[in-house]
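All remarks here apply to the structure that follows.
Any value given below was found using the heavy atoms of this structure, including those in side chains, with hydrogens, waters and symmetry copies removed. Protein chains get the first letters and strands the later ones, always in sequence-line order, with residue 1 at the start of each.
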There are 2 protein chains.
Amino acid sequence: MSQTTPLSNTLSSELTSTLRDAIITGEIPQGAKLSETRLSKELDVSRGPLREAIRRLEGMNLIQHVPQQGARVVTMSMDLILQIYDTREALESKAGSLAALNMSSQEIDQLHRLIDAQSKHMRENSGAFIPAESDYAFHETIIRGSKNKVIERALLRELYNLIKMFRYQHEFARNSTTNSLIEHRQIVYAIEQRDSELAEVTTRRHIAHARERIQRRMQQQEPLQ
Amino acid sequence: MSQTTPLSNTLSSELTSTLRDAIITGEIPQGAKLSETRLSKELDVSRGPLREAIRRLEGMNLIQHVPQQGARVVTMSMDLILQIYDTREALESKAGSLAALNMSSQEIDQLHRLIDAQSKHMRENSGAFIPAESDYAFHETIIRGSKNKVIERALLRELYNLIKMFRYQHEFARNSTTNSLIEHRQIVYAIEQRDSELAEVTTRRHIAHARERIQRRMQQQEPLQ
DNA sequence: ATTTCAATAAATGTCGACATTTACTTAAAA
DNA sequence: TTTTAAGTAAATGTCGACATTTATTGAAAT
């Protein structure tokens with residue numbers, strides 16, 4: 001009989017998800033110390049699995065660990081979020097070009113469905129933003145469509161969590177005008193045409209625009225620390 | 001009194017380095033299982049720090065961990081090494097362009113010293129390869145010079161270990177003809193001129209050439225598994 | 001001989017306790 | 001009052017043992 005998904009994940013991986021979400025939402029705030037003794041009491045687990053979860057979150061860039069001092073949630077500075085977006089631009093533009101070569105037609109269909117939903121949402125809520133989940137789904141579909149596991153891991157496991165944290169905790173960082181939808185359409189068009197160079201350029205510009213918006217809004221509105 | 005570097009690192013971080021090196025050199029071969037019970041006896045440590053080290057190596061892409069089954073050293077396939085080089089091209093070209101903007105003159109001097117040493121080595125050992133350490137030092141200097149900690153971490157902590165493993169275990173993957181030295185000079189020239197676009201292009205091409213060499217040699221010589 | 005199943009052995013996951021280092025508090029001295 | 005230092009409290013690092021799951025072995029049945 002074939003093996004199905006395990007009913008009980010390991011405690012360590014449960015803790016990883018729990019803490020990750022708590023960090024993204026800000027329930028555990030930036031810069032906060034993750035005290036092992038306190039958390040183990042609060043969550044009613046021993047320190048072993050907790051330490052493993054913390055090591056994993058370290059690998060996801062969500063936590064910084066100093067030997068003999070403990071672990072702290074990363075602090076999102078203006079500098080850091082711009083560095084993240086520079087990195088994202090480099091990786092995701094490559095993912096876009098690879099997606100144009102490697103995506104299945106089913107995956108391209110999925111992109112169309114997501115764009116249509118985004119378009120519908122914009123029409124019905126005039127001038128509204130693209131819902132964060134729909135935007136993530138769009139980008140994740142392309143990233144997975146690149147069929148490059150290394151880029152996929154770097155983006156989804158190590159950058160997107162930080163981006164989600166940033167967006168979740170800073171309203172002004174939420175997506176994005178009608179421009180984004182237009183740019184999404186341009187990207188899908190390029191992928192559909194199997195034009196990897198165009199996909200690379202349109203994706204690069206899409207991320208660069210997002211970076212510019214962040215930089216602009218941050219300078220005027222709220223100088224992050 | 002100011003705090004100096006600690007005399008005794010934590011056991012867990014010692015183990016991380018030890019295992020990392022053993023994996024890179026192939027002392028622990030690709031695909032091998034990292035049995036906790038066996039390793040804890042061999043290295044005479046308890047399983048706690050060992051498990052933490054394994055989690056860290058997981059974050060460095062050197063190990064794959066399956067719950068309830070244990071950890072195995074990554075297997076380097078033809079597909080994987082090419083994916084790594086595609087990722088490296090995207091990241092390091094960006095690092096090159098940022099280095100042209102952000103490197104200090106001291107760092108640029110360091111690049112010159114490295115190139116001169118490489119040049120001297122080539123003259124004295126006719127047609128020899130650039131020593132691996134010198135090549136790594138060159139690229140690391142540029143990557144750090146980008147002043148982008150996110151890119152730096154992605155490259156040095158998550159890609160270069162895999163590249164070192166690949167090179168160490170496959171002689172045919174060792175660097176590189178006189179071409180590499182010429183390309184190094186082109187990159188330094190661009191950085192020196194603070195020409196970020198040129199630095200991006202020359203770096204991109206340098207990595208792309210390395211990728212092509214690997215692909216070519218792999219097809220004729222030894223089809224990796 | 002091959003397959004299936006039960007029993008056993010071994011490995012990973014988890015826990016609690018001890019050791020050592022760091023942080024804090026309090027008292028003494030300047 | 002401020003600073004320094006000793007002593008105490010707390011936190012991280014490490015260890016060994018138990019629990020549960022997975023892998024292996026061997027015997028029985030087809």
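One interatomic measurement links the two molecules: CD of Glu36(A) to C1' of dC15(C), which rounds to 14 Å at whole-angstrom precision. We find that CD of Glu14(B) is positioned 14 Å from C1' of dT14(D), with the value rounded to whole Å. Here the P atom of nucleotide dT22(C) and the NE2 atom of His65(A) are 12 Å apart, to the nearest Å. In this structure, the NZ atom of Lys33(A) is 8 Å from the C1' atom of dT12(D), given to the nearest Å. When the P atom of dT14(C) is taken as reference, atom CD of Glu52(A) falls 7 Å away, rounded to whole Å. As rounded to whole Å, 9 Å separates atom P of dT12(C) from atom CZ of Arg38(B). Atoms CZ (Arg47(B)) and C1' (dC15(D)) sit 12 Å apart, rounded to a whole Å. One can place CZ of Arg72(A) at 13 Å from C1' of dT22(C), the figure rounded to the nearest angstrom.
Along DNA chain C, the nucleotide nearest Gly48(A) and the nucleotide nearest Gln69(A) are compared for position; the residue whose nucleotide lies closer to the 5' end is Gly48(A). Nearer to the 5' terminus of DNA chain D, by closest-nucleotide assignment, is the contact made by Leu34(A) (compared with the other of Leu34(A) and Asp44(B)).
Side-chain atoms of Leu11(A) lie closest to dC15(C) of the nucleotides dT12(C), dA11(D), dC15(C). Taking only side-chain atoms of Arg51(A), from C-beta outward, the nucleotide of dT22(C), dA11(D), dT14(D) with the closest atom is dT14(D). Of all nucleotides listed (dG13(C), dC15(D), dT12(C)), dG13(C) comes nearest to the side chain of Arg55(B). Taking every side-chain heavy atom of Thr37(A) into account, dA11(D) is the closest of dA11(D), dT22(C), dT21(D).
Ring pair Tyr160(A)/Tyr136(A) is perpendicular by interplanar angle, where above 60° counts as perpendicular and below 30° as parallel.
A salt bridge is absent between Glu200(A) and Lys94(A): the closest approach of a Lys/Arg side-chain nitrogen to an acidic carboxylate oxygen does not fall below 4.0 angstrom.
Using a 4.0 Å cut-off, no side-chain N or O of Thr10(A) falls inside it from OP1 or OP2 of dG13(C).
At most 12 heavy atoms of other shown residues, nucleotides or ligands fall within 6.0 angstrom of atom CD in Glu27(B).
A 4.5 Å side-chain heavy-atom check between Tyr85(A) and Ile163(A) finds at least one atom pair inside the cut-off.
His184(A) has its ring centre less than 6.0 Å from the ring centre of His139(A).
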